Amino acid sequence: MTDGIESAVNQAKAAAAGKSVGVHGADTIQQCLNAGLLDEIHVDIAAVLLGSGVRLFDHLAGTPVVLGNPTVIPGVGVTHLRYPVRKA
């Protein structure tokens with residue numbers, strides 16, 4: 001996509017025909033948060049410490065981003081957190 005994150009999300013939603021659309025990667029998630037395009041954030045916590053990489057919540061323009069109460073889904077070796085993103 002070369003015409004911006006909003007266009008990319010709109011095209012993905014159209015292609016999904018009413019199904020959920022997921023975005024992945026710290027840079028893409030940051031762009032979507034900054035543009036107010038996310039309804040929910042999924043964070044999976046596993047017992048692995050990577051030690052490097054792009055921080056998921058760096059470079060946020062409209063901070064603080066207010067998240068709602070999480071849904072917690074326990075798993076074997078992982079905990080899944082689902083946070084609704086509250087609209088300002």
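Given the structure is predicted, the values throughout are model-derived calculations rather than measurements.
The two residues Ala16 and Ser20 come nearest to each other via the heavy atoms CB-O, 4.4 Å. Across all their heavy atoms, Tyr83 and Gly68 have their closest contact at CD2-O, 3.4 Å. The nearest pair of heavy atoms linking Ala35 to Ile5 is CB-CG2, 4.2 Å. Gln11 approaches Asp3 most closely through the heavy-atom pair NE2-OD2, 4.0 Å. Residue Asp58 comes nearest to Gln30 through the heavy atom pair O-CD, 2.9 Å, listed as atom of the first residue, atom of the second, then distance.
The backbone N or O of Ala61 sits less than 3.5 Å from a side-chain atom of Asn34, completing a donor-acceptor pair.
For the pair Val72/His80, no side-chain contact is recorded, criterion being any heavy-atom separation below 4.5 Å from C-beta on. Side-chain contact check for His42 versus Ile73: every heavy-atom pair is 4.5 Å or farther apart. The side-chain heavy atoms of Val66 and Val85, taken from C-beta on, include no pair separated by under 4.5 Å. Looking at heavy atoms from C-beta onward, Val23 lies in side-chain contact with Leu38 at the 4.5 angstrom threshold.
Hydrophobic clustering of Ile, Leu, Val, Met, Phe, Trp and Tyr side chains at less than 4.5 Å, counting indirect connections, unites Leu33 with Leu81. There is no path of hydrophobic side-chain contacts, each under 4.5 Å, that joins Ile41 to Val78.
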Checklist entry - Where do Arg86 and Asp39 land on the salt bridge (Lys or Arg N to Asp or Glu O under 4.0 Å) test, with the steps shown first? => result CA-CA 8 Å; Arg86 293 188 178 163; Asp39 298 321; over 6 Å; no
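Looking only at atom types and distance, the side chain of Asp27 has a donor-acceptor partner in the side chain of Gln31 under 3.5 Å away.
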